There are 2 protein chains.
Amino acid sequence: MMEDLEQLKLKNQLCFPLYACAKEVVRRYRPFLDELDLTYTQYIVMLVLWEENEKSVHDLGERLFLDSGTLTPVLKSLEAKGYLTRRRSKADERVLLVALTDEGQALKESAAEIPKKMSACVALEPQEAATLYSLLYKMLGQF
Amino acid sequence: MMEDLEQLKLKNQLCFPLYACAKEVVRRYRPFLDELDLTYTQYIVMLVLWEENEKSVHDLGERLFLDSGTLTPVLKSLEAKGYLTRRRSKADERVLLVALTDEGQALKESAAEIPKKMSACVALEPQEAATLYSLLYKMLGQF
DNA sequence: ATTGTATCGGTTGTATACAATTTAATTGTT
DNA sequence: AACAATTAAATTGTATACAACCGATACAAT
């Protein structure tokens, strides 16, 4: 049908601006994160650990929508930088527990300015940002 | 300051749901795109070509927010599948023109159902989807 | 005409993402 | 206890993304 083909136009797709916008915003983080020697994926792992200090790979994955195939190399890299430790749980040897080092904890202070700098890069009004936020979480909620 | 550290919490970040939502939605496309033997990146290239039929790599990149480092292998892969041809422009030998084959054109019919199937996977009301769409493009507009 | 500059696409290197599989450890059932 | 089913993380393979760089072509200004 004609309407179906009309929906195939890029400008009629909701997914595309979502995909493009996410990529562009992550790209805007790079200069700020470079100063901390972190990638965006490493940064969001640190965000979780700054809140909770110790988490299993599985719990990190649930929180961040990432699986072990992505997390394992990221965590090894953060371990190599000295920001966290990886050790097996005593209670369940299958579980790998990730915990911040003092250096990883200390990095939080250096990261504190990043959200402010980033929001300065986003042209949305606070009300618009709030609406966007809530719509995105509504979508995420069903996954 | 305390407020700065508060902003570091994952739940206070706008970028994270954007990043996670984009990934999850693209992942939802996979079963539908598998039937066409396309990845999401290949799919959005085809979306542009179904609209315009012939484009340079540079123009494709501007439209899709992708550079030649990403597009070159994607376009070679689509050429290998027989969906498009790659040839240098006569007028300017630097420019590579990408054009659909008949098979690539024909694929459009098979793709026609995808947007409908995908919107069934998204729990937003039409009005919410429209708001999300316009906020995302507002952000993209400044990049 | 020549030379410096800009543009285009390709290549290289690094870092994700994710499906599928594998291995080790745990749990559930009989 | 024995064994099947489940779970957690790691590994493998494929496909992006993007920065940085490269080589060829085109353009600009003298």
Side-chain angles (χ1 to χ4, degrees), chain A residues 15-16 19-31 33-34 36-46 55-81 84 86-98 143, chain B residues 15-16 19-31 33-34 36-46 55-62 64-81 84-98 143:
Chain A
C15 180
F16 173 70
Y19 155 87
C21 208
K23 274 191 318 125
E24 289 304 306
V25 172
V26 167
R27 214 161 66 80
R28 292 304 184 287
Y29 270 96
R30 196 176 301 262
L33 294 178
D34 278 351
L36 309 186
D37 190 28
L38 292 177
T39 63
Y40 182 73
T41 313
Q42 291 165 7
Y43 173 65
I44 59 176
V45 168
M46 295 301 287
K55 295 281 277 183
S56 68
V57 172
H58 180 261
D59 289 349
L60 269 176
E62 286 216 324
R63 195 82 189 281
L64 299 175
F65 295 84
L66 292 172
D67 69 5
S68 68
T70 303
L71 282 173
T72 295
V74 169
L75 295 172
K76 284 181 176 173
S77 152
L78 287 170
E79 183 184 40
K81 291 182 210 281
L84 54 79
R86 296 162 68 245
R87 64 181 178 81
R88 291 284 164 176
S89 160
K90 281 273 171 55
D92 185 339
E93 287 283 344
R94 290 171 307 181
V95 172
L96 189 134
L97 292 174
V98 176
F143 295 150
Chain B
C15 180
F16 173 68
Y19 155 87
C21 208
K23 275 191 317 126
E24 290 302 310
V25 172
V26 167
R27 215 161 63 81
R28 293 303 183 289
Y29 270 95
R30 197 176 302 262
L33 294 177
D34 277 350
L36 308 186
D37 189 28
L38 292 177
T39 64
Y40 182 73
T41 314
Q42 290 165 6
Y43 174 65
I44 60 176
V45 167
M46 295 301 287
K55 297 281 277 184
S56 69
V57 173
H58 179 263
D59 289 348
L60 269 176
E62 286 216 324
L64 298 176
F65 295 84
L66 293 172
D67 70 4
S68 68
T70 302
L71 281 174
T72 295
V74 169
L75 294 173
K76 284 182 177 175
S77 153
L78 286 171
E79 184 183 39
K81 292 183 211 279
L84 55 78
T85 58
R86 298 162 66 247
R87 65 182 177 80
R88 292 282 164 180
S89 159
K90 280 273 172 56
D92 185 340
E93 286 283 345
R94 293 171 304 181
V95 172
L96 187 132
L97 294 174
V98 176
F143 295 147

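Keep in mind that this is a model prediction, so the values were computed, not measured. Chain identifiers are assigned alphabetically (A, B, ...) following the order of the sequence lines, protein sequences preceding nucleic acid strands; residue numbering begins at 1 within each chain.
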Does a side-chain N or O of B:Y19 approach OP1 or OP2 of C:dT16 to a distance below 4.0 Å, or not? no
Return the nearest nucleotide to the side chain of B:V74; candidates are C:dC18, D:dA19, D:dT16. D:dT16
Gap between atoms CZ and C1', on A:R87 and D:dA8 respectively (whole Å): 16 Å
Could you work out, with side chain to side chain donor-acceptor pair (under 3.5 Å) as the rule, every residue matching A:T39, not counting sequence neighbours? none
Residues in side chain to side chain donor-acceptor pair (under 3.5 Å) contact with B:T41, at least two apart in sequence or another chain: none
Rounding to a whole Å, what distance do you find between A:E62:CD and D:dT7:P? 12 Å
What residues in residues 36-44 of chain A put a non-hydrogen atom under 4.0 Å from any atom of DNA chain C? A:T39, A:T41, A:Q42
Just jot down the side chain to side chain contact (heavy atoms under 4.5 Å, CB included) partners of B:T72, sequence neighbours excluded, or say none. B:S68, B:K76
Could you state the atom-to-atom distance from CZ of A:F65 to P of C:dA19 in whole Å? 14 Å
Going from CG on A:L96 to NZ on A:K55, what distance comes out if it is rounded to the nearest 0.5 angstrom? 14.0 Å
Any chance you could measure A:Q42, atom CD, to A:L78, atom CG, to the nearest 0.5 Å? 4.5 Å
Side chain to side chain donor-acceptor pair (under 3.5 Å) partners for B:K23, two or more places apart: none
Under the side chain to side chain contact (heavy atoms under 4.5 Å, CB included) test, residues paired with A:V95 that sit two or more places apart: A:S56, A:S89, A:D92, A:L97
Paired with D:dT30: which nucleotide, if any, by Watson-Crick or G-U wobble criteria at under 3.5 Å for both distances? C:dA1
When rounded to whole Å, the CG to P distance for the pair A:D67 and C:dT21 reads 15 Å
Residues two or more places apart in sequence or in another chain: which of them pass side chain to side chain donor-acceptor pair (under 3.5 Å) with A:R27? A:E24
Just how far, in rounded Å, is P of C:dA25 from NZ of A:K90? 15 Å
For B:E62, salt bridge (Lys or Arg N to Asp or Glu O under 4.0 Å) partners two or more places apart: none
In 5'-to-3' order, the base (B), backbone-only (S) or no-contact (-) status of each nucleotide in nucleotides 3-11 of chain C, using a 4.0 angstrom heavy-atom cut-off, is ---BBSBBB
Atom CG of A:D34 and atom P of C:dA15 are separated, to the nearest Å, by 11 Å
Using whole Å, report how far CG of B:L64 lies from C1' of D:dT16. 13 Å
Can you measure B:K23 atom NZ to D:dT16 atom P for me and round it to whole angstrom units? 16 Å
